[in-house]
Each structure stands twice: as structure tokens, then as C-alpha cells.
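Inspection log for the structure reproduced underneath, given as C-alpha cells.
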Amino acid sequence: RRKIFYMRTILLLYKKKIPLLLFMAILYAVAAFCELLMPYQMGIIVSQGIKAGNQEVIKESGIIMAVLGVAALVVSSLIVRINSRLATSTERELRTKLFKKINELTFEEFSLIGTSGLLTRVDSDIGSLAGFASSGVFALLNVPITFIGGVLLIMSKDTLIGIVMLCVSPIVLIFAC
């Protein structure tokens, strides 16, 4: 029940930040693309470079892997920075709203809740919400993008395995929840 309240609160605050979330989704897609292409490039090195003894393919694929690694690092660093700013601004907005609400309390209401209860709400609960928001953005954006990219790469190599992956994934999801 508390998680549902957290989700509703976060969604209401993030409603205003949809353009930033869309930008983060694009960044997550770029990072996932870079990370998913690494094993693909390694496969090219093994199959076309090492097996065939072709040094040129090994060098080219190695350079491509280095560029992909640097791009993934830069984009992932940018994602972490944006995500932390997003969570911090959300936490600030929550604290401001709670402070205004506390100032509206009557003396009787204040006495009923107590100072310790208010401190817990201000500190612990809002910190939990900010952490939930930060990890929630990652889970809601990165996981589906990586899954879709992985399935597309699998299907580009072997369609049957890609179909099996699509059929098995909902079962895994059901047991994971």
C-alpha cells in the first residue's frame, strides 16, 4: 500500500519533467546500443579476425569497441548526473510541500503527530521516495530498452532463438515478480 502511495506521489511530481525523462530515455537507448554491440563486435573479431587470421578486422573491430566503450561511459555518466539531479529536485519539491503542510497544522494536530513523527516524515520517508524515484527511472527506462535491443540483436543472428526468447521472457517475468 505504501509503494502505491510512493508511485502516485512520484508520478505526479515527474509529470512536469516529461521532456527530461524522454531525453533520458534516448540516452538510455544510446548506452544500451553501445553495450549490446560490444559482444557483437567481439563475435566479429573471433569469427572473421582470429579464425581467418585477418589482423585488419581485429584492429577495426577493436577500434569500434573502444569507441563504443567510451561512448557508453560518457552517456552513462551523463545519465547518472541527470538522474541524480532529477531525484534531488524531486526530493526538494517534496520537502517544500511537506514544510508548507506542517506550517498549516494547528497546535492540536502538531501535538497529535509529534515532533518525532514529523522528523521521520521529513527525513526518512522523503529520502526513501527520492531513492525510489532514482531507481524507478532506471528500471522503467533502461530495462525495457535493453531487453528490446537484446531481442533484436538475437533475432538478427538467429530468428528461432529470438522467438524462443520472446516466448520465455514473460514466464521469467511472472516468476521474478
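No chain of hydrophobic side-chain contacts below 4.5 Å, direct or via other Ile, Leu, Val, Met, Phe, Trp or Tyr residues, connects F147 to Y40. Using a 4.5 Å cut-off between side-chain heavy atoms of Ile, Leu, Val, Met, Phe, Trp and Tyr, with links allowed through other members, L37 and V67 fall into different hydrophobic clusters. Cluster membership for V164 and I154, using ILVMFWY side-chain heavy atoms within less than 4.5 angstrom, is not shared. Under a hydrophobic clustering in which Ile, Leu, Val, Met, Phe, Trp and Tyr are joined whenever their side-chain heavy atoms come within less than 4.5 Å, directly or via other members, F23 and V30 fall into the same cluster. V74 and V80 sit in two unconnected hydrophobic clusters of ILVMFWY residues. Membership requires side-chain heavy atoms under 4.5 Å apart, directly or through other members.
In terms of heavy atoms, L36 sits closest to T146 at CD1-O, 3.8 Å. Of all heavy-atom pairs spanning V143 and A139, the tightest one is CB-O, 3.4 Å. Scanning all heavy atoms of the two residues, the minimum distance from K16 to P19 falls at O-CD, 4.2 Å. When all heavy atoms of A72 and C34 are compared, the closest pair comes out as CB-CB, 3.8 Å. Here the shortest heavy-atom pairing between A32 and I145 reads CB-CG2, 3.9 Å.
The number of heavy-atom neighbours closer than 6.0 Å to CE of M38, taken from other residues, nucleotides and ligands shown, is above 12. Within 6.0 Å of atom CZ in F33, 12 or fewer heavy atoms from other residues, nucleotides or ligands are found, so the atom counts as exposed in its surroundings.
Interatomic distance, L27 CG to N142 CG, rounded to the nearest 0.5 Å: 11.0 Å. Annotation: the span from T96 atom OG1 to R92 atom CZ amounts to 8.0 Å, rounded to 0.5 Å. Separating the CE atom in M165 from the CG atom in L153 is a distance of 11.0 Å, to the nearest 0.5 Å. With rounding to the nearest 0.5 Å, the separation of NZ in K59 from CG in N54 is 10.0 Å. Here the CG-CG distance, from L68 to L73, works out to 12.5 Å after rounding to the nearest 0.5 Å. One distance of note links CD1 of I64 with CD of Q41; it measures 4.5 Å at 0.5 Å rounding.
With contacts defined as side-chain heavy-atom distances shorter than 4.5 Å, the pair I45/M65 qualifies. Put simply, the side chain of K17 does not reach to within 4.5 Å of the side chain of M24, judged on heavy atoms. Between S61 and Q48, every side-chain heavy-atom pair lies at or beyond the 4.5 Å cut-off. Between I44 and E60, every side-chain heavy-atom pair lies at or beyond the 4.5 Å cut-off. With contacts defined as side-chain heavy-atom distances shorter than 4.5 Å, the pair Y28/N83 qualifies. Side chains of M155 and I163 form a contact here, defined as non-hydrogen atoms less than 4.5 Å apart.
For K100 and E104, the salt-bridge test fails: no basic side-chain N is under 4.0 Å from an acidic carboxylate O.
Judged purely by atom type and a 3.5 angstrom limit, S89 uses its side chain to pair as donor or acceptor with the backbone of L86. Judged by distance alone, the side chain of S84 and the main-chain N or O of R81 form a donor-acceptor pair under 3.5 Å.
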